[in-house]
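Below is one structure, written out as structure tokens; the observations come after it.
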Amino acid sequence: MARKILCVAEKPAIARAVATHLSGGSFQTHAIRGNQYVKNYEFEFNFGGSWGQCSVTMTSVIGHLTGLDFASQYKGWMSCPPGALFEAPVQEDVDKDKKPIAENIRNQARYSKALFIWTDCDREGEHIGTEVRNQAKAGNARIEVKRARFSNTERAHVLQAARAPVELDEFQANAVAARIELDLRIGAAFTRLQTLQLQAVAAILKEKVISYGSCQFPTLGFVVDRYFRVQNFKPETFWSIKVMLERERKKVNFLWRRVHLFDRAAVTMMLERCLKAKQAKVTKVTQKPKSKWRPLPLTTVDLQMMGSRFLRIDSQTIMKVAEALYTKGFISYPRTETDQFDKAIDLKKLVETQFPDDRWGQYAKDLIEGKFRTPRSGRNNDKAHPPIHPVCWVSPTSLNDNERKVYEFVVRRFLACCSDDAKGSGTDVEIQYGDEFFHASGLLVLERNYLDVYVYEKWESSQQLPHFERGETFEPTEANISEGKTTAPNYLTEPELIGLMDANGIGTDATMAEHIAKIKDRQYVVVNKRGTGRNKVEELIPTHLGVALVEGYDNVVSGLPSSISLSKPFLRKEMEKQMLEICAGAKTRQDVVQQSLDMYREVFIHTQRRIEMLKAACRKYLVE
DNA sequence: GCAAGGTC
């Protein structure tokens, strides 16, 4: 009898895709007891090498199998002082709703010679791999464990991965295990401390959970930070020199190289010198081709940012809609950090699927008839998923409003990626007038290319400049001082917040939207709609509670030697750095957990000791 | 009643 190999993927969709490729399309599907999404696919496959022809069961988990929690005697909020959670025993258990999935793996392992792990090739995937391994070993202690390394589900790539298995990366799995333990202990300890202490301060806090999390607090911090910058803003007056020339019936406004200054007397003096010189001299005339680059292949973070900005849909809704489109098979997997297309993907074939569309079908045809360009490659590759792209054409009538908008965006973005840059011709003229330099520029858009399909971006021809010769002199038609005021920054918008989170390593592409939803849910921030119609913007404003928490914690740590506030992204960044050290083999999981806990424990003890400052901040904003 | 990370 052929040897049996058990394969386990991270999610049902991957199990099905891999089974389809390995089996050549003919496999048997079996439902499992207790879970409607996970299926077992059975087929034969020749793994080559020492494995040869095997009978295969391909199945999956649904993300993590297990969760970490405190031992039962520490679960009650009054069972121990919150600080005890830094040391309290923890245990890893299979989540209640995952028990049938774990049981399926144990059962299948019993008759298998080997386990091939097909989880995503990222850190979390490596950890999920160890969870799968533990179940398989519980069913069959002697099972051999291998890992398939793959970065997309293109056929040849999957076959190659099946025939060249590697080992699980214990370092990466350990890094995730460290993160899980730290998030639990620190999150629970601070959440209980501040909830128990602050509920009594103000009536509106009475029944509230006032949570702390290493991602949600820095997220709140960004919102509060901007809020204070808006509140504390004082407008300043500035002055500038405006130079205008009328030539060939065109008015040319020259912009000052110094832009503006805050000293009126100085600007007046400089203008005097210009006027005294009478003649301005053209020091430079440049005419060069300009181009506006087509966008990069679409990542999750970009989808969320562009979605909030252009489609006016908040990031969490965007992800829900994108997932629905993915589940229906209309677009590729929507959680990806990759902004480069793998060479193996047949992009032209994907473009062809869009021919039937009324809105961009003709554009797609033009691409195939010669205008197609290989997309630009960004710097990110998560080695697990391709950039987000349409998989097939969908009639707009079979989608709801939001689905239609998101699908349209994904398609237009994809076609834009496969197009040429927009091209134009730019003219720059620089003049010297007195001791000052000014310049004017004109743009003529020659070929719109990707802009024709990517309607979200604009690039317009500006007024054309009249003719100038280098070295010529002229007397400006007008030269005078203009006055202006600096304007306050706006409150933070969701796309800006996502950008900040991304830049500071707060959350992952899949969770950033959740953290934002969480701080809304906890009533740390509210959404305010500014403007109307096409100019409508949703801005995030902290509530009194949100401001009180950030100010309170900032006060708690101010004056401390390290003075690292919980509202700043630093601590989370540090955790990320430690995880990378585990991945590199430079530190062990235990070292990192101990060191990080020590660091947070210090902040925790200070918070306890100076809890009055936190309470005072809450009183200041919530009672008075 | 706590976190953040997977995914349905």
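Below, chain A is the first sequence line, B the second, and so on; all start at residue 1.
- Among the heavy atoms of the strands lying under 4.0 Å from A:Gly187 are primed sugar atoms or P, OP1, OP2 only; no base atom is included.
- For A:Leu184, the listed nucleotide lying nearest its side chain is B:dA3; candidates were B:dG1, B:dG5, B:dA3.
- Closest to the side chain of A:Lys98, out of B:dG6, B:dG1, B:dA3, is B:dG6.
- Residue side chain A:Tyr212 fails the stacking definition with respect to B:dA3, as its ring centre and the base's six-membered ring centre are not both under 5.5 angstrom apart and under 30 degrees in plane angle.
- The side chain of A:Leu196 approaches B:dG1 more closely than any other nucleotide in the set B:dG5, B:dG1, B:dT7.
- Listed for the A:Ser112 side chain is no donor-acceptor partner under 3.5 Å among the backbone atoms of A:Ile5.
- Proximity note for A:Phe70 (side chain, C-beta onward) versus B:dC2, B:dG6, B:dG5: the nearest is B:dC2.
- Contact between the side-chain N/O atoms of A:Arg522 and the OP1/OP2 oxygens of B:dC2 is found at a separation under 4.0 Å.
- Between A:His385 atom NE2 and B:dT7 atom P there is a gap of 6 Å when expressed in whole angstrom units.
- Nucleotide B:dG6 holds its P atom 17 Å from the CD1 atom of A:Ile101, rounded to whole Å.
- For A:His515 and B:dG5, the shortest distance from a side-chain N or O to OP1 or OP2 is below 4.0 Å.
- In this model, the phosphate group of B:dG6 is not approached by any side-chain N or O of A:Thr119 to a distance below 4.0 Å at OP1 or OP2.
- Using a cut-off of 4.0 Å between Lys/Arg side-chain N and Asp/Glu carboxylate O, A:Lys577 and A:Glu574 are scored as salt-bridged.
- Atom-to-atom, CD1 of A:Ile128 to P of B:dG5 comes out at 13 Å; the value is rounded to the nearest Å.
- Remark: A:His544 NE2 is loosely packed, at most 12 non-hydrogen atoms of other residues, nucleotides or ligands lying under 6.0 Å away.
- No engagement by A:Phe217 is indicated, since no non-hydrogen atom pair under 4.0 Å with the nucleic acid exists.
- Position along DNA chain B of the nearest nucleotide to A:Ile186 versus A:Glu514 favours A:Ile186 as the more 5'-ward residue.
- Backbone-only engagement by A:Glu10 is indicated by non-hydrogen atom pairs under 4.0 Å involving sugar-phosphate atoms exclusively.
- Within the nucleic acid shown, A:Leu85 has no heavy atom closer than 4.0 Å to any nucleic acid atom.
- Comparing A:Arg192 and A:Asp509 along DNA chain B, the residue whose closest nucleotide (by nearest heavy atom) sits nearer the 5' end is A:Arg192.
- Here A:Gly507 lies in heavy-atom contact (under 4.0 Å) with sugar-phosphate atoms only.
- Between A:Phe217 and A:Phe190, the distance from one ring center to the other does not fall under 6.0 angstrom.
- The number of heavy-atom neighbours closer than 6.0 Å to NZ of A:Lys99, taken from other residues, nucleotides and ligands shown, is above 12.
- A cation-pi arrangement is found for A:Lys11 relative to A:Tyr333, the charged atom lying closer than 6.0 Å to the ring centre and inside a 45° cone about the ring normal.
- Side-chain N/O atoms of A:His385 and A:Asp120 include a donor and acceptor closer than 3.5 Å.
- When distances are taken from the side chain of A:Trp77 to each of B:dT7, B:dG5, B:dC2, the shortest belongs to B:dC2.
- A:Gln194 comes within contact range of no nucleotide atom at all, as no heavy-atom separation falls under 4.0 Å.
- Using a 4.0 Å heavy-atom criterion, one finds that A:Pro12 contacts the sugar-phosphate atoms exclusively.
- Within 4.0 Å of A:Gln36, counting heavy atoms only, lies no atom of the nucleic acid at all.
- Residue A:Arg123 is out of contact with every strand shown, counting any heavy-atom pair closer than 4.0 Å.
- For the pair A:Ile519 CD1 and B:dA4 P, the computed distance is 11 Å after rounding to whole Å.
- Listed pair A:Thr511 / B:dA4 fails the phosphate criterion, with no side-chain N or O lying under 4.0 Å from OP1 or OP2.
- Contact annotation: A:Tyr74 side-chain N/O to B:dC2 OP1/OP2 distance is not under 4.0 Å.
- Residue A:Ser211 places at least one side-chain N or O under 4.0 Å from the OP1 or OP2 atom of B:dA3.
- Considering only side-chain N and O atoms, A:Arg335 lies nowhere under 4.0 angstrom from the phosphate OP1 or OP2 of B:dG6.
- In this structure, A:Lys320 reaches neither bases nor backbone, as no heavy-atom distance under 4.0 Å exists between it and the strands shown.
- Within the 4.0 angstrom heavy-atom criterion, base atoms lie near A:Asp69.
- Nearest nucleotide to the A:Cys215 side chain, out of B:dG6, B:dC2, B:dA4: B:dA4.
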